[in-house]
Structure formats: C-alpha cells, structure tokens
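Okay, so here's the structure we're looking at.
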There are 4 protein chains.
Amino acid sequence: MTTGTRRRLAPEVRRRQVLDAAIEVFSEEGLHGASMDAIAARAGVSKPSVYAHGGTKDELFAACLAREADRLMSTLTTAVLPDAGSGGADARARLRRALRAFFRAVTTHRQGWTVLYRQASAGEFAGPVDAARRGIVARAAELLAAELGGSPETALPVAHTLVGAAEGLADWWLGADHRSEDQDPADLLADMLVAVVWPGLDALRQA
Amino acid sequence: MTTGTRRRLAPEVRRRQVLDAAIEVFSEEGLHGASMDAIAARAGVSKPSVYAHGGTKDELFAACLAREADRLMSTLTTAVLPDAGSGGADARARLRRALRAFFRAVTTHRQGWTVLYRQASAGEFAGPVDAARRGIVARAAELLAAELGGSPETALPVAHTLVGAAEGLADWWLGADHRSEDQDPADLLADMLVAVVWPGLDALRQA
Amino acid sequence: MTTGTRRRLAPEVRRRQVLDAAIEVFSEEGLHGASMDAIAARAGVSKPSVYAHGGTKDELFAACLAREADRLMSTLTTAVLPDAGSGGADARARLRRALRAFFRAVTTHRQGWTVLYRQASAGEFAGPVDAARRGIVARAAELLAAELGGSPETALPVAHTLVGAAEGLADWWLGADHRSEDQDPADLLADMLVAVVWPGLDALRQA
Amino acid sequence: MTTGTRRRLAPEVRRRQVLDAAIEVFSEEGLHGASMDAIAARAGVSKPSVYAHGGTKDELFAACLAREADRLMSTLTTAVLPDAGSGGADARARLRRALRAFFRAVTTHRQGWTVLYRQASAGEFAGPVDAARRGIVARAAELLAAELGGSPETALPVAHTLVGAAEGLADWWLGADHRSEDQDPADLLADMLVAVVWPGLDALRQA
DNA sequence: CATGAATGAGTCTTCATTCAT
DNA sequence: CATGAATGAAGACTCATTCAT
C-alpha cells in the first residue's frame with residue numbers, strides 16, 4: 001500500500017522491519033497498550049505478516065527484549081575488553097570508559113532497553129525481563145570483581161547499585177532538554193557518576 | 001463473596017479496601033494488564049462498587065499512584081526532619097537515616113512505589129508518573145543541597161543518581177531470598193549504599 | 001438533601017412529583033435513554049423513593065403515558081362538549097373549537113403527549129402506546145361521525161388523517177421560532193388546518 | 001452462523017447486509033433498545049463485523065436514517081417528475097400520484113422511514129432526524145408551491161399538514177389487518193387522502 | 001507469500017433494582 | 001418511611017488471532 005507493489009523482501013529484512021516497529025510501539029505504548037494493528041501499521045506491513053515474521057505478541061515482545069539486551073550487553077563488553085583487569089591506577093579510567101559506553105548506548109537509542117524493560121517488570125514477563133537485567137548486572141559484577149578484587153558474588157550488590165545509579169542519572173538527562181550542551185553527553189554523565197561513586201569504590205577495594 | 005453477607009461499610013473504609021486491592025493487582029499485572037474484574041475480586045466487592053469508590057480505571061490508577069507517592073514522601077520527610085542541615089560531622093549519619101527510611105518503606109511495602117511507577121513510565125500515564133517521581137527526587141535534591149551546600153538545581157543530577165542507586169540496591173535485595181538475615185535489611189542496605197556513595201559526596205561538598 | 005430535613009409528604013403528592021419529573025426526563029432522553037437516577041435527581045428524591053411511588057421503570061413509563069393520554073383526552077372532550085352534534089352550519093365552528101383545544105394542549109405542554117408517545121412507538125411499549133393513541137383517535141372518530149354522519153367505523157380513517165395532520169402542523173409550529181406572533185398560536189393553527197380540511201370534510205358529509 | 005462457513009464477501013455487500021439488519025432491529029426495538037449483539041445476530045455476522053462495516057452504533061443509526069430518507073426522497077421525486085407544474089386541471093392527478101408513491105413506499109417497506117424516524121425524535125439524534133424529515137417536507141412544499149402557486153415558504157405549513165395527514169392515514173392502514181383488500185392499498189389511501197384535502201387545497205390556490 | 005476480511009473472547013462501564021440502616 | 005450503599009446483568013467496543021484469496 002505504501003509502495004504500490006508489494007515487494008517481496010528477504011525474510012530477515014522483514015523480520016528486522018517488524019522488530020524495529022515493535023520496539024518503537026512497545027516503548028511508546030507499553031506491552032499491553034501496544035496493539036498488533038499499531039505494530040503492523042508502523043512496520044508498513046499487514047497484520048498476518050507481523051505474525052509470520054514476529055510470531056505471537058508475547059513472542060514478539062520477548063524477541064524485542066532479547067535484542068535490546070544483547071545490544072546493550074555487547075556494547076558494554078566491547079567497551080571494556082581492552083586490557084581489562086590490570087588493576088592499579090587505571091581502574092578508574094576503565095570504569096569511566098564502561099560507563100561512557102553505557103550512557104552512549106542509552107542516550108543514543110532512547111527507546112531501547114531502559115524504556116523497554118520497565119514496561120514488563122511485573123506481570124507475565126517479570127521472569128524474562130528480570131533474567132535479562134540480571135544478566136547485565138552479572139556482567140557488571142564480573143567487571144567490578146576484576147577491578148576491585150573479591151568474588152563476583154560479593155560484588156553483586158555493588159553492581160546493582162551502580163547500574164541503578166547509572167539508570168537514574170540517564171533518566172535525569174533524558175528527562176529534560178540538554179541538547180545544547182557542547183560536550184558529549186556520555187562523557188558528561190560518565191564524569192558525574194565517576195565523581196560520586198569512585199571514591200567509595202576505591203575505598204572498598206582497599207578494605 | 002468473601003464475607004458471604006453484603007455488609008454496609010463506611011465509604012472511606014470501602015475506598016481503602018478498593019485502593020489496597022488495586023495497588024496489589026496493578027503491581028502484579030501492570031496498568032493495562034490489570035482488569036477491573038480482578039481488582040473487584042481481590043477487594044471482595046462487586047465491580048460497580050469498585051467504580052463507586054475508586055472511579056474509572058484511570059482515576060483509580062492515578063489515586064494509587066498518588067497514595068504511594070505521598071506515603072513514600074512523608075516517610076522520607078519524617079525521617080529527615082530532626083536537626084536537619086546542621087552540616088559537619090553528622091551529615092553522613094543523616095544521609096544514612098534517610099536511606100534507611102527509604103529502604104524500610106520499600107522493603108516493607110513491596111508492592112508500593114517502586115513496582116508501581118515502573119508500570120506506567122510510558123503510555124498515557126507517563127506524565128503523572130514522571131511528575132510524581134520528580135517530586136520525590138526534588139525532595140532528595142533539597143536535602144542534599146542542605147547537607148552538601150550548593151543550590152538544589154546543581155544537586156539534582158546527584159539526587160537522581162542517588163535515588164537510582166537506592167532503587168537498584170533495593171531491587172537486588174527484593175529479588176533474591178534474604179529473609180533469613182538477622183540484621184534489619186534496611187540497616188544493611190543503608191550501610192552498603194552509604195559505603196559506596198558517601199566518600200564521593202563528601203568530596204563534592206568540599207569542592 | 002435539598003431541604004435539609006427529609007419531609008414526609010402525602011403519598012399522592014410524592015407520586016405527582018415523581019411523575020412530573022419522569023415525564024420531563026422521558027421526553028428529553030427517551031424511554032431507554034432516561035435513567036432512574038436522572039428521574040430521582042430531577043424529582044429531588046432518592047431512587048428507592050422513585051420505586052416506592054412510581055414502581056418499576058416500565059410501570060412508571062406506562063403511568064406517564066396514561067396520564068398524558070388522559071390529559072389530552074379530557075381536554076378534547078371538554079372542548080367539544082357544549083351543544084355537540086347539532087349538525088348544520090355550526091359543524092365547522094365545532095371542528096375548529098376542538099382543533100384549537102388540541103393545539104393549545106400541545107403547544108402549551110410541549111413535553112406532553114406528542115413528544116412522549118413517539119419515544120415508544122416501537123419496542124416493548126408499542127402495544128400500550130398504540131392503544132392510547134387509538135383511544136384518542138377513536139374519540140375523534142366519534143365526534144366526526146356525529147358531525148358528518150355515518151358510523152364511527154367509517155369515520156376512523158378520516159380521524160386518523162385529521163389527527164396526523166394536526167400533529168404535523170403542530171410539529172411545524174413547535175419546530176421553528178414563532179414566539180413573536182401576536183395571535184394565539186392555537187387559533188392560528190386551527191384556522192390553517194380548518195382551511196385545508198373543512199371543504200373536503202364538508203363534501204364527504206354530503207356524499 | 002447462518003451459513004455455517006465463514007464466507008468472504010465484498011465490503012459493499014456486507015455493508016448492505018449490516019444496514020438491512022440494523023434497520024430491522026432499530027425499527028423493532030428503537031435506537032436505545034437495539035443492541036449491537038442483536039443487529040449482528042440478525043445480519044448473520046459477528047459483532048466485530050458490524051463495527052467494521054457499520055461503524056459505531058451512532059454512526060450506524062445515522063447511516064440507516066440517511067438511507068431511508070434518501071430512498072423515500074427519491075421515490076417521491078421520481079413519482080412527481082413527469083410534466084410537473086403545468087397547473088390547471090391535472091394538479092389533482094399529480095397530487096394523487098405523489099401520494100400514491102408515498103403510500104406505496106410506506107406500505108411496502110414497513111420498517112422504513114415512518115417507523116425509523118420516530119425512534120429518535122428526541123435525544124441525541126433529534127437534530128439529524130429533524131433535519132431529514134424537514135428535507136422531505138421541504139421537497140413536498142416545493143411541489144405544492146409549483147402546483148398551487150405561492151412561495152415554498154408559505155407552502156411549508158401546508159406541506160407539514162399534508163405529510164402528517166399521510167402518515168396518520170398510513171398508520172391506520174398499517175395498524176389493522178387490511179391484507180385482504182383487493183385494491184392496491186396505495187391507490188385506496190391516496191384516494192382517501194385526496195378526497196379530504198384536495199377541495200381545501202384547491203380553494204387555497206384560487207385565493 | 002502477502003493480504004483483506006472475519007471472529008471468539010474479553011474489557012470497561014452503566015443501569016435497574018434491592019437490602020440494611 | 002426514606003435513604004445510602006451494594007450488586008447482577010447487560011451493553012458498547014476492541015483486540016489478538018486466523019482463514020480464504
């Protein structure tokens with residue numbers, strides 16, 4: 001209808017179209033608030049196509065969840081990879097780099113993880129959502145343990161604290177108009193968060 | 001149905017019943033996921049009674065939101081009131097006390113604010129929800145400004161960070177089974193959070 | 001609530017209050033559109049009082065119907081009583097007098113019969129409504145038969161025609177703004193209708 | 001349900017099915033009395049189909065109204081078209097022809113206009129209904145003005161009278177059992193009405 | 001394959017009616 | 001008696017899902 005001809009696209013391309021549209025609509029309307037009609041319209045395809053390429057509404061939501069979780073996870077991992085865990089004077093810099101990656105992901109891709117996972121923190125999807133979030137936090141805990149010493153398990157509450165803090169700060173930045181700042185927002189936010197938490201983390205390490 | 005007899009109760013009592021049930025169900029199922037039938041059943045009244053005492057679904061949700069926001073707000077305020085803002089050596093203790101109040105509220109009343117406001121961070125209720133959360137954070141910013149010096153505006157991002165961190169830590173504690181701990185969980189959590197953030201905050205104050 | 005004290009009134013007075021309110025509301029909202037709540041509010045009493053004095057909604061509507069039918073019926077009868085049926089040169093004058101009475105009733109008491117019976121010309125009340133209307137037309141047929149000669153049965157279609165014509169003309173007058181006319185509207189309308197139908201009726205009589 | 005198989009039909013066909021059913025049910029039960037369930041059942045489709053093809057209940061009712069008004073209007077216009085307005089000796093014949101068309105339409109299609117428009121002469125639809133009826137009467141006034149001379153405005157009350165008379169007479173015929181008459185009822189009714197009103201109209205013309 | 005058309009199931013909301021005070 | 005409070009039943013409307021083309 002949009003193109004006049006109904007073009008046959010490769011299945012993976014269609015699937016990506018559908019997922020993109022779904023993420024947008026889920027982010028705006030919430031899990032229950034989003035309708036399959038709206039998703040189909042946003043994707044520019046018919047409703048049966050949505051079912052063909054995205055499956056049931058629940059499956060579709062789960063796929064969105066998984067894709068955004070993966071995206072965030074790989075962003076973090078990539079940012080941290082180089083010379084991780086060498087301890088010493090650069091630990092602060094490495095934390096800052098990881099946080100900057102997180103903030104960049106979140107501020108660039110607004111409708112992604114942060115918005116998405118909140119929709120479903122209760123209800124039928126509480127399980128998968130929690131699992132995904134715990135995955136991310138677990139990864140953060142591993143990194144922290146490498147930097148600060150100690151086992152990942154003891155680092156777990158600290159990781160939760162850190163991720164929560166980062167989300168809170170990102171919320172603040174996303175909430176108001178900060179578009180005119182000349183600095184890269186990710187840099188700014190990473191600096192702010194490091195200033196607040198690094199002294200405490202450093203002290204924990206030495207304890 | 002619960003009582004078998006159809007008892008006449010004072011309107012305020014019934015309203016409380018309905019609000020309590022609504023908060024439970026909204027917490028479990030989400031705004032759109034919750035049905036008025038479920039709320040009526042949970043409250044042990046008929047659906048028309050829900051409408052009579054709680055109004056429309058939207059009004060009911062707004063009322064739940066308002067009640068929990070008020071509850072949390074007054075908890076915080078009460079905890080902080082005594083000898084606030086005297087600066088100096090007790091600032092750390094006062095922060096700890098406020099955090100303990102927050103954690104107590106959140107861990108005691110699981111289905112309260114933290115769970116509730118996330119349901120509606122997008123969609124039709126994004127506005128009210130955000131406003132409520134911003135109110136709480138603004139209060140935190142005032143307290144921080146009193147302790148650390150500086151204007152509430154500059155304290156705002158720090159407040160967001162702090163609230164986010166507290167929520168993250170609370171999530172961790174609520175997520176797994178920590179019921180057997182012998183210490184008061186609120187104390188434990190407050191100690192943990194203070195350990196992470198106080199050094200940084202202290203440094204900010206002196207800057 | 002209106003008076004502060006709930007005054008005990010004689011049952012008939014209460015019943016009249018209720019019926020008056022019911023006629024108003026039924027006229028404005030229609031049979032199904034009117035709610036017992038609205039009627040109670042309009043009457044200034046509580047809903048159980050409406051039931052106590054007016055009975056079920058159906059009974060109440062039937063009572064309204066009956067009261068307005070009676071009112072119209074007696075208006076007509078009264079107008080026609082003096083020296084009815086003397087035939088001859090005054091038949092035209094007597095027809096005019098009856099019509100004037102009809103128009104006066106209808107234009108004075110807008111929310112009465114004309115509006116009311118149309119609400120229910122179909123549905124559960126088709127029967128009673130039709131019966132009431134037929135009663136009125138039958139009375140008209142009797143009068144016509146007395147004037148024009150012939151049996152009431154043969155006069156029946158003529159009576160239907162006449163009543164329909166009167167209603168149509170009344171509709172016209174009620175529809176637009178004719179408030180500024182200096183002549184009594186009932187006189188005007190009666191004259192108009194007589195001008196159209198009398199020659200034909202007169203011819204019928206002689207046939 | 002009627003067909004057993006769920007057949008795919010052209011939208012216009014389905015729309016006609018739905019409109020036909022709606023007119024029947026609205027005629028029988030009234031605007032408020034009719035339920036969308038009943039309309040769906042009568043049409044032999046599911047409720048969502050009614051919404052898909054007929055829209056909201058209000059829209060559906062408006063569509064029924066419009067269709068019946070158009071049908072009646074075109075019937076009248078068609079009947080009157082040939083050599084209209086030539087005045088003189090045939091005016092009576094032309095009036096008779098128009099009335100016969102009206103009566104044929106009304107007696108053939110019982111559940112049409114006459115029944116339909118009364119349902120809604122008050123309430124939310126008072127406006128549209130009145131407008132539609134006024135359209136018909138205005139057309140009648142034009143015709144009358146062409147025949148009798150004078151402007152359509154002065155003919156308006158006469159037109160209202162005439163339409164009302166025709167409706168009243170039609171009511172009489174529809175009310176009782178006249179099925180065994182050997183004459184075409186439309187002819188019979190037109191003759192009766194012409195006998196009553198023509199002399200008066202003729203006199204008006206010469207005045 | 002892609003789609004317009006169709007539907008069963010469920011949601012919010014209101015109403016006529018009746019207890020218990 | 002008059003009433004506020006309570007409810008069973010029903011109605012308008014929407015949605016996720018699937019045939020038939």
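All heavy atoms count here, side chains included; hydrogens, waters and symmetry mates do not. Chain naming here is simple, since letters A, B, ... match the order of the sequence lines and numbering starts at 1 in each.
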- Query: What does C:A40 touch in the nucleic acid at a heavy-atom separation under 4.0 angstrom: a base, only the sugar-phosphate, or nothing?
  - Reply: nothing

- Query: Counting any heavy atom closer than 4.0 Å, what does B:A34 reach on the DNA or RNA strands: base, sugar-phosphate only, or nothing?
  - Reply: sugar-phosphate

Interatomic distance where [atom1] belongs to [X] and [atom2] belongs to [N] [whole Å]:
{"X": "A:E59", "N": "F:dT17", "atom1": "CD", "atom2": "C1'", "value": "12 Å"}
{"X": "D:E29", "N": "F:dA10", "atom1": "CD", "atom2": "C1'", "value": "14 Å"}
{"X": "D:I39", "N": "F:dC13", "atom1": "CD1", "atom2": "P", "value": "11 Å"}
{"X": "D:L9", "N": "F:dT21", "atom1": "CG", "atom2": "P", "value": "10 Å"}
{"X": "A:L60", "N": "F:dC15", "atom1": "CG", "atom2": "P", "value": "16 Å"}
{"X": "D:H32", "N": "E:dT13", "atom1": "NE2", "atom2": "P", "value": "20 Å"}
{"X": "A:M36", "N": "E:dA9", "atom1": "CE", "atom2": "P", "value": "19 Å"}
{"X": "A:D37", "N": "E:dG4", "atom1": "CG", "atom2": "P", "value": "12 Å"}

Could you pull out the closest heavy-atom pair between [X] and [Y], with the gap in Å?
{"X": "A:R15", "Y": "A:A63", "result": "NH2-CB, 3.7 Å"}
{"X": "B:T56", "Y": "B:M36", "result": "C-CE, 4.2 Å"}
{"X": "B:I39", "Y": "B:F26", "result": "CD1-CZ, 4.0 Å"}
{"X": "C:C64", "Y": "C:A22", "result": "SG-CB, 3.6 Å"}

- Counting side-chain heavy atoms from CB outward, which of E:dA16, F:dT17, F:dT3 is closest to C:V45? F:dT3

- Note on the structure: Quick note, A:Y51 side chain, CB onward, closest among E:dT18, F:dT17, E:dA2 is F:dT17

side-chain N/O [X] vs [N] OP1/OP2, d < 4.0 Å:
{"X": "D:S49", "N": "E:dA5", "answer": "no"}
{"X": "A:H53", "N": "E:dA2", "answer": "yes"}
{"X": "D:R14", "N": "E:dA5", "answer": "no"}

- Item | N/O donor-acceptor pair, side chain B:K47 with base E:dT13, under 3.5 angstrom | yes

- Task: Given salt bridge (Lys or Arg N to Asp or Glu O under 4.0 Å), test B:R42 with B:E29 step by step and report yes or no.
- Result: CA-CA 13 Å; B:R42 184 77 59 105; B:E29 311 285 350; 5.7 Å; no

- Item | Backbone N/O of B:A38 and side chain of B:S35: donor-acceptor pair under 3.5 Å | yes

- Task: Between D:P11 and C:L31, just flag the one whose closest nucleotide in DNA chain E comes earlier from the 5' side.
- Result: D:P11

- Item | Closest-nucleotide ordering on DNA chain E, the 5'-leading residue of D:A52 and B:P48 | D:A52

- C:R71 and C:E68: salt bridge (Lys or Arg N to Asp or Glu O under 4.0 Å), yes or no, with the steps? CA-CA 5 Å; C:R71 194 200 301 252; C:E68 291 303 307; 3.2 Å; yes

- side chain to side chain contact (heavy atoms under 4.5 Å, CB included) partners of A:D20, counting only residues at least two apart: A:R16, A:R67

- Of D:K57 and C:S46, whose nearest nucleotide on DNA chain F comes first from the 5' end? C:S46

- Message: Taking the nucleotide of DNA chain F with the nearest heavy atom to each, does D:G55 or B:A10 sit closer to the 5' end?
- Response: B:A10

- Stem regions touching DNA chain F, defined by at least 3 consecutive Watson-Crick or wobble G-U pairs below 3.5 angstrom: E:2-21 with F:2-21

